[in-house]
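Below: the structure, in structure tokens.
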Amino acid sequence: MRWIVNSEEMMACDSNTIRHFGVPSLVLMERAALGVVRQVLREVPKASAFCIVCGNGNNGADGLAVARLLWQQGCKVTVVQVPDTGKRTPENQTQRDILARYGIHITERFPSDIQCDCVIDALFGVGLSREPKGIYAEWITAMNALGGLKAAVDMPSGVSSDDGAVYEPCFQADLTVTFAYEKAGQILYPGREKCGKTILAEIGITDDSWLNKRPSCHMLEPADLRQLPKRPSRSNKGTFGRVLAIAGSTNMAGAALFCAQSAYRIGCGLVKICTTQSNRAVLQGALPEAVLAVYDEEESETMLQHTVSEALAWADVVILGPGIGTGKAARQIVSYVLKNASLPVVADADALNILAEQPKLLTDTPAKLVLTPHPGEMARLTGRKVCEIQRSIRRTAEEFAARYHVVCVLKDAVTVIAGPSGTCFNDTGCSAMAKGGSGDVLTGVIAGLLAQGMEPEAAAQAGVFINGLAGEAAAKKNGRYSVLARDILAEIGGVMDTGICKESL
């Protein structure tokens with residue numbers, strides 16, 4: 001896994017490196033500046049004229065060091081710095097003094113007629129938490145109007161490093177060179193779009209600098225698939241768990257089919273589909289490997305509960321909601337399952353819409369819940385607008401998970417998985433997966449991993465990661481416009497059988 005930090009965590013790590021380990025801040029600064037120069041010249045190797053725009057903090061000091069290093073390589077540098085308001089840091093003043101000794105001029109007025117091959121933004125860095133105003137707003141607008149490559153030092157000015165919120169005006173970078181660890185605002189939208197290509201530069205800050213206090217967020221990497229449940233040679237279908245998929249209603253057999261198939265594809269031993277009588281023929285023909293438990297939507301609540309109760313007694317894990325609708329029978333099923341199941345339950349789709357109207361079921365259930373809402377479903381669950389959810393996807397997921405003591409998988413272009421041990425971001429997958437049925441596949445993948453013994457939080461993280469990899473593989477094979485949910489299903493095996501995770505299988 002790789003750690004993702006917010007501004008507070010990054011500043012603590014930087015401070016620990018300096019104060020606890022004794023690495024001088026100017027040493028870290030020099031390495032940061034070298035990293036920026038290296039990456040910028042890699043992007044525009046023939047560039048000869050640079051405009052470096054600096055603030056009065058340590059991000060501005062990084063920018064001043066960048067200006068010196070470029071000047072020493074024979075480049076023409078125009079260094080623009082915000083006038084001092086009494087908040088200039090000692091490191092910033094030191095870098096100014098160094099430039100003065102070299103005879104490198106610093107102007108406090110933004111040139112009106114400047115021509116450059118690259119403009120470098122070193123105004124704010126990771127510390128911004130409000131809308132830029134005054135001279136800062138004017139200069140960000142002026143930087144955006146310049147031609148050439150636009151590069152940001154650590155973080156584009158106008159983007160929150162904590163949650164990816166974008167303030168206006170905001171520097172639109174083609175390249176962001178960030179230090180030591182990626183920042184949450186570089187991963188999450190809309191900030192991600194303002195960063196351009198993000199490059200991580202090592203400057204001498206290591207995991208030791210956390211002093212045993214780890215960041216609250218991480219991302220999975222392919223090597224983490226080695227932690228998937230092993231498949232011993234001496235095993236049988238019961239070894240790998242039983243998933244009950246309560247899914248599908250009249251004309252919605254596909255939802256039941258996809259989540260059941262994906263549970264099998266990810267390695268589950270047995271799947272039982274509890275669905276309406278009308279789906280029997282379709283599902284038996286499409287997935288004969290599954291066991292069926294059927295009910296009539298018009299039957300009495302007692303008979304319905306009897307069918308569901310027997311199925312629950314058989315299961316290790318429950319999928320609840322895909323395609324069941326929000327009618328009377330569906331509401332009775334969701335209520336009964338959440339009041340009586342002490343198993344892990346992956347709730348999705350229609351179950352979430354029912355829960356939005358009956359939130360008490362979330363607080364009273366003995367089940368270990370994993371919820372997989374998209375922003376529209378989360379808006380109904382929280383009573384907030386979709387646009388608000390999308391602007392604060394991390395905070396929304398974390399607050400919901402903490403309030404209801406669940407694992408929340410808030411699906412988006414970057415999915416946020418929040419649970420008791422922290423937060424995980426996932427950016428595998430692509431727009432090709434924006435098709436009906438993709439969410440059902442993910443639900444089945446998570447449930448299948450739970451059935452094999454993974455804890456809810458770990459299963460949710462790994463499931464989202466694998467599902468995204470399968471989507472990418474499907475897009476590569478079928479094209480980004482033409483992927484269907486069944487194509488994602490077909491790629492799960494290939495993702496699982498890569499050389500990276502083969503030893504786990």
Interatomic distance, CG@Asp427 vs OH@Tyr189, rounded to 0.5 Å, equals 8.0 Å

Closest heavy-atom pair, Ser438 versus Ile488, reported as atoms and distance to 0.1 Å, is OG-CD1, 3.5 Å

_For Arg68, I'd like to know if atom CZ has over 12 heavy atoms of other residues, nucleotides or ligands within 6.0 Å._
yes

Surrounding CD of Gln115 (heavy atoms of other residues, nucleotides or ligands, distance under 6.0 Å), is the total greater than 12? no

pair Glu472-Val495: side-chain heavy atoms closer than 4.5 Å: no

Review point. Would you find a donor on one side and an acceptor on the other, under 3.5 Å apart, between the side chain of Asp117 and the backbone of Gly148?
Key: no

Only one of Leu449, Val345, Val407 passes side-chain contact (heavy atoms from CB on, under 4.5 Å) with Pro456, and that residue is Val407

**Worked check of side-chain contact (heavy atoms from CB on, under 4.5 Å) between Asn426 and Leu220** = CA-CA 7 Å; Asn426 180 78; Leu220 296 187; 5.7 Å; no

For Arg2, does its backbone N or O pair with a side-chain atom of Tyr181 as donor and acceptor, under 3.5 Å?
no

Counting C-beta onward and ignoring hydrogens, is there a side-chain heavy-atom pair between Phe240 and Ile266 closer than 4.5 Å?
no

Tightest non-hydrogen contact, residues Ser209 and Cys13, listed as CB-SG, 3.5 Å

Could you tell me whether the side chain of Leu381 reaches within less than 4.5 Å of the side chain of Phe400, counting heavy atoms only?
yes

In this structure, OG1 of Thr428 is separated from CD1 of Ile466 (nearest 0.5 Å) by 9.0 Å

When rounded to the nearest 0.5 Å, the distance separating SG of Cys268 from CD of Gln452 is 7.0 Å

On a heavy-atom basis, the closest approach of Gln95 and Leu26 is NE2-CD2, 3.7 Å

All heavy atoms of Ile492 vs all of Ser262, minimum pair found to be CD1-CB, 4.3 Å

- Query: Are any of the side-chain heavy atoms of Leu371 and Leu362 separated by less than 4.5 Å?
  - Reply: yes

Between the CD1 atom in Ile52 and the CG atom in Leu123, the distance rounded to the nearest 0.5 Å is 12.5 Å

Take a 6.0 Å sphere around CZ of Arg384 and say whether it holds more than 12 heavy atoms from other residues, nucleotides or ligands. yes

Is any side-chain heavy atom of Trp210 closer than 4.5 Å to a side-chain heavy atom of Val5? yes

Closest non-hydrogen contact found for Leu450 with Pro344 is CD1-CB, 4.1 Å

4.5 Å side-chain heavy-atom contact, Thr178 and Leu200 = yes

- Query: Under 3.5 Å, is there a donor-acceptor pair between the side chain of Asp14 and the main chain of Ile205?
  - Reply: no

(Q) Can you confirm whether Lys183 sits close enough to Asn6 that some side-chain heavy atom of one is under 4.5 Å from a side-chain heavy atom of the other? (A) no

Main-chain N/O of Gly57 paired to Lys87 side chain as donor or acceptor, under 3.5 Å
no

Are Lys197 and Glu43 ion-paired here, with the side-chain N under 4.0 Å from a carboxylate O? yes

Check your understanding: Do we see a donor-acceptor contact under 3.5 Å between the side chains of Ser421 and Glu457?
Key -> yes

Would one find more than 12 heavy atoms of other residues, nucleotides or ligands at under 6.0 Å from atom NZ of Lys368?
no

field: Short side-chain to backbone donor-acceptor contact, Asp487 and Ala475, under 3.5 Å
entry: no

The side-chain contact (heavy atoms from CB on, under 4.5 Å) partner of Leu188 among Val159, Val414, Asp162 is Val414

Hey, mind stepping through Arg394 and Ser216 against side-chain contact (heavy atoms from CB on, under 4.5 Å) and telling me if it holds?
CA-CA 12 Å; Arg394 177 181 183 176; Ser216 58; 2.9 Å; yes

- Query: Do Thr198 and Glu182 have side-chain N/O donor and acceptor atoms under 3.5 Å apart?
  - Reply: no

I'd like to know if the side chain of Thr78 reaches the main chain of Cys51, judged simply by a donor and an acceptor atom lying under 3.5 Å from each other, with no hydrogens or angles considered.
no

Give a yes or no on whether the backbone of Ala474 and the side-chain of Asn478 come within a donor-acceptor separation of less than 3.5 Å.
-> yes

Please answer whether the main-chain N or O of Ile187 pairs with a side-chain N or O of Arg192 as donor and acceptor at a distance below 3.5 Å. yes

Is the backbone N or O of Ile319 less than 3.5 Å from a side-chain atom of Asp348, with the two atoms forming a donor-acceptor pair by type?
no

Evaluate Arg31 against Phe179 for side-chain contact (heavy atoms from CB on, under 4.5 Å), listing each step before the verdict.
CA-CA 9 Å; Arg31 295 189 67 174; Phe179 310 128; over 6 Å; no

Is it true that atom CD of Glu131 has more than 12 heavy atoms of other residues, nucleotides or ligands lying nearer than 6.0 Å? yes

### Message
Counting C-beta onward and ignoring hydrogens, is there a side-chain heavy-atom pair between Leu442 and Lys411 closer than 4.5 Å?
### Response
yes

Rounded to the nearest 0.5 angstrom, the CD1-CD distance for Ile203 and Glu30 is 11.5 Å

Q) Taking the side chain from Asp440 and the backbone from Cys259, do they hold a donor-acceptor pair closer than 3.5 Å? A) no

CD (Glu193) and SG (Cys170) are apart, to the nearest 0.5 Å, by 10.5 Å

*Is the Phe124 to Phe171 ring centre distance short of 6.0 Å?*
no

Quick one: do Phe465 and Thr415 satisfy side-chain contact (heavy atoms from CB on, under 4.5 Å)? Show the steps, please. CA-CA 9 Å; Phe465 183 72; Thr415 293; over 6 Å; no

CZ (Arg38) with more than 12 external heavy atoms under 6.0 Å = no

Shortest non-hydrogen pair, Ala347 vs Ala351, comes out as CB-CB, 4.3 Å

Q) Do other residues, nucleotides or ligands put more than 12 heavy atoms under 6.0 Å from the CZ atom of Arg403? A) no

Residue pairs passing the side chain to side chain donor-acceptor pair (under 3.5 Å) test with at least one member in residues 49-65, sequence neighbours excluded, are Asn56-Gln81, Asn56-Arg88, Asn58-Thr89

Quiz item: Counting only heavy atoms not in Glu455, do more than 12 sit closer than 6.0 Å to its CD atom?
Solution: no

